[in-house]
Amino acid sequence: MKKYDVIVVGAGNGGLAAAAALAKGGKKVALFEKNRTPGGVATSFRRGRFEFEVSLHELCGFGRDENRSGSVRQLFDFLGISDRIEWAAVPEAYRLITYGSPDPIDVTMPFGIPQYIDAMERYVPGSRDTIKAVFDLAAEYLKATEELGKAKSPADAIRRLLRHRDFLHTCTMSLDDGLAAAGLTGKAADIFRGYWAYLCADGNDLTFMHYLSMVNSYIEMKSVIPKSRSLEMTLTLADCLEENGGDLYTGVEVKTVLVGADGVRGVVTADGREYGAGCVICDLSPHTVYGTMIDPRRVSVSDTKKTNARELGGRGFCVFLGLDRSSSELGLNDYSYFIYPDMDTVKQVRDMALPETNGVQNTVCINAAYPGASPEGTCILTMTTLFTSDFWDGVSAEDYHRIKDGFTEKMIGVFEKATGTDIRGHIEEMEIATPVTFARYMNSPGGSIYGYKESNWDSIFSHKLMDKRYSDIPGLEFVGGYGMNLNGYSSAFSTGFGKAKYILGRDSLT
Amino acid sequence: MKHTAFSLIRDVNAITGIKKVREAHFESASSAPIKAPAGAVAMGGELHPERISLTVSERENAPDGSVALRLRGDGGRLPVFRPGQYINLLIDGALCPFFLSGTPADALLGVWEITVDPTGDPAAFARIDALREGDELLSGPPVGYFFRQPPRDGETCAVIADGTGLGCALAMQKNDRASAYLCRGADDLPAKQNIIADTVFICGKKVFCESASAAFEGLRTRILFTDAPGRSVGREQFRCTVIAGGETNGLDCYSDEPLINALERNGILLFNKCRTGDCAFCRAKLLQGRVTHFFDSGDGRRNADVKFGFIHPCRAFPDSDVTLKY
Ligand SMILES: Cc1cc2nc3c(=O)[nH]c(=O)nc-3n(C[C@H](O)[C@H](O)[C@H](O)COP(=O)(O)OP(=O)(O)OC[C@H]3O[C@@H](n4cnc5c(N)ncnc54)[C@H](O)[C@@H]3O)c2cc1C
Ligand code: FES
């Protein structure tokens, strides 16, 4: 039996980050990926003349310049790969369009905090001071979380936070309560809430702290994408793992995580081989790992309850379109389109349960950031939405294609209506990914692409406050979209990097 | 924001409040064994299984010489497919593509159908013609992207095929109400003015497709070549070293056939799906040596795969000794 210090199951962003950082830190690591290509949803595929990005709209936490960057650049710098990837700058923060309300919104918000504030003032005269105060609060959040990180005990944490009263006051609030406390209301609040679908929970369930930190890092650091799609990051990380002596097994599925009385012992793969390790990091949902890969008798009552208490996040649905006109010919000058019936997030999340009522989409035209993304005279549109129920778990094989095609027609229609562009006459290539596709590709329950659903009691803050680890089984760890930092590239990377640092025992590592 | 001593107490309490709510959620949760929601994962597996065992349950010889086989799966239903997709059947140690010519409804009853025409590829026809009722076969899942997508292709379609594309034409005729034209050659094409369709699907050997697409210039067409391009002259022999799952194997390969064929001839049935260079499932890293890819058009690889030296062995022909890592 081959033995490793650490085995990582799943080469999504979380697994890759953990494995690469551990190998760099000198551990003997194996990374098992059931698919032929690592990356999980951080991948791409080709149809005809087009290469479609599967997931990445924008990368948070890398930043455009070294002096204003975040966790992703820290990881890539640690691995020495920041310069190996060719980056393209995302031109603007977002265009927000509501198409179903009596008072429709159509605004384009820029990157850069001063620019964002100016634009808000233009769209909503008189909003300057409040929106500025919201970004000031975000800056205070950064300082406060740094302080929290240094705290030696809960009492020490509260003592440190006393210096950050606004933080203390709002850190437990929901997004909607937090905005109200900050005095941001009406149309300005609606515009500010534009990113909500990225987290797929409504204004009552989203935590103000999480939302505000995310918006702040997008607006302040500005987003980038790798030119050769997220697969470029994936393969760079995979190379880095192998360069540092790690073993990458692709096309090899882990069937069982072996657990003895003293904790994790290793894994068994689909071809029946055993690999030993005292630490197994799973880039999968605890539902999948506890529910299908570990002897149930080894799972504690507390882990069982904690897992059963959680609800799945949004299930993904994407339409990928290769168009036979350039983006400028089609009048698609923006990169990221948030398109909602209206800004009643509670209603939207409820309506996202079913195809008939789901009217939400986030559509990206990659050529607006990187004109070379497809051949001259063409462009690519990727439409993404999420489902908030287990509707797709119940669709039968008889109905599957009909429902999938029908909903695709609807999404294209919504985009055409919201932006006034003709898409249907220009589709050269298309592909559709449903929750069934994501479930199969990532082995993710229900096709959830967003980990567990965020709520006030189950947020990054409550994790940080209360959980040291996700599991009572010694040596079993979780990273990725189901990890403690919730979903997203930067979150998945940072859980992986964080876990690696924890294992390497060098927490102060930079 | 204005803060008072009183609000401080409230704010600190709010933090402990979250902790309490969280604990209460955990406490009231079920302690029944964890079950991952399985519906979507299971359906994904049902639509895209790895390998399927089939038995020839019926064979039909049509007056025009074509042969139809109905293939029954051993476990209830078979994956539904899109009319125009094909399966790869393992016959005599080699995987060969055949269009599914039946209906998705039959698949749900556990039956797939394939139909081959004597004017199609002779070797493919002979392989199917040799099969009898009761014979057993292994198949891959339905693959391919040559099927009607209404938002892209509109409501009506026509399909024009030579003998190699008969199965595809039949499937589209049955399922998409396509007007289907089976042509025995390029001089057998229907007149352009007779074709009333939003999109014309042209399926057959490259020479056939090229003359059909010239004949239908101005119509909206989608084209699929059934013959793989490649090198046909000057066979040279090379050595191929394959590293997979921690094991290393050596075998002979030839400049006039895709690497995947050499692997399969040596019993290494590694990864393959479309065998047309499009799906990236067969991708492997070329650690040493040189290859030439023959795609139907352009480079079918993803940019990052090109950058990092990955090749598609189903469409890569060796130009020297090579070392591949899976
Ligand atoms: C359409 C879409 C758009 C998105 N847009 C953005 C965005 O713009 N910005 C952003 O920051 N985030 C975005 N996200 C979210 C982000 O992509 C994910 O949160 C993140 O990539 C999740 O990473 P992960 O580590 O959880 O891995 P996953 O991608 O879930 O990968 C898990 C891996 O484990 C493998 N695996 C599963 N079971 C096994 C097994 N038994 N043995 C071996 N391997 C196994 C799977 O094959 C897979 O490769 C988007 C996601 C999607 C789907
Ligand atoms: S098998 Fe699909 S690309 Fe080779």
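Just so we're on the same page: letters track the sequence lines, and every chain starts at 1. Predicted, not measured: the structure shown is a model, and the values here were computed from it.
Between B:L8 and A:L162 there is a side-chain heavy-atom pair separated by less than 4.5 Å. Side-chain contact between B:D305 and A:L231: present, with at least one pair of heavy atoms (C-beta onward) separated by less than 4.5 Å. Side-chain atoms of A:T170 and B:M1, non-hydrogen and from C-beta on, do get closer than 4.5 Å to each other. For the pair B:F308 and A:D239, the minimum side-chain heavy-atom distance is below 4.5 Å. Under the 4.5 Å side-chain criterion, counting only non-hydrogen atoms from C-beta, B:I15 is in contact with A:L168.
Side chain of A:R36 to backbone of B:A280: no donor-acceptor contact under 3.5 angstrom is found. The backbone N or O of A:E431 sits nowhere less than 3.5 Å from a side-chain atom of B:Q149 that would complete a donor-acceptor pair. Judged by distance alone, with hydrogens and angles left aside, the side-chain atoms of A:R46 form a donor-acceptor pair with the main-chain N or O of B:R301 at under 3.5 Å. Using modelled atom types, one side-chain atom of A:N308 and one backbone atom of B:S30 make a donor-acceptor pair closer than 3.5 Å. A donor-acceptor pair under 3.5 Å is absent between the side-chain atoms of A:K305 and the main chain of B:S31, judged by distance alone.
In this structure, a donor-acceptor pair under 3.5 Å is present between the side chains of B:R302 and A:T37. Side-chain polar atoms of B:S7 and A:R165 form a donor-acceptor pair below 3.5 angstrom.
Using a 4.5 Å cut-off between heavy atoms, A:E232 contacts chain B through both its backbone and its side chain. In this structure, chain B has a heavy atom under 4.5 Å from the backbone of A:R84, while its side chain stays farther away. For B:K2, no part lies under 4.5 angstrom from a heavy atom of chain A. Using a 4.5 Å cut-off between heavy atoms, A:R310 touches chain B through its side chain atoms alone. Neither the backbone nor the side chain of A:D390 comes within less than 4.5 Å of any heavy atom of chain B. B:E23 does not touch chain A: none of its heavy atoms, backbone or side chain, sits under 4.5 Å away. With a threshold of 4.5 angstrom between heavy atoms, A:S44 approaches chain B through its backbone and through its side chain. At a 4.5 Å heavy-atom cutoff, A:T434 makes no contact with chain B through either its backbone or its side chain. Residue contact with chain B, scored on non-hydrogen atoms closer than 4.5 Å, involves the backbone and the side chain of A:A182 alike. No part of A:V252 comes within reach of chain B, as not one of its non-hydrogen atoms sits under 4.5 angstrom from that chain. Neither the backbone nor the side chain of A:I423 comes within less than 4.5 Å of any heavy atom of chain B. Only the side chain of A:L137 has a heavy atom closer than 4.5 Å to any heavy atom of chain B.
Checked for salt-bridge contact, B:R222 and A:E429 meet the test: a charged N lies under 4.0 Å from a carboxylate O. Comment: B:E155 does not engage A:R424 in a salt bridge, judged by the lack of any side-chain N to carboxylate O separation of less than 4.0 angstrom. A salt bridge does not link B:R220 to A:E428: none of the charged nitrogens lies less than 4.0 Å from a carboxylate oxygen. No salt bridge links B:R152 with A:D324; every basic N to acidic carboxylate O contact stays at or beyond 4.0 Å. Checked for salt-bridge contact, B:R82 and A:D405 meet the test: a charged N lies under 4.0 Å from a carboxylate O.
In this structure, the side chain to side chain contact (heavy atoms under 4.5 Å, CB included) partners of B:A178, at least two apart in sequence or on a different chain, are B:C157, B:V159, B:M172.
Seen from the ring of B:Y145, A:R47 counts as a face-on cation partner, given the 6.0 Å and 45° thresholds.
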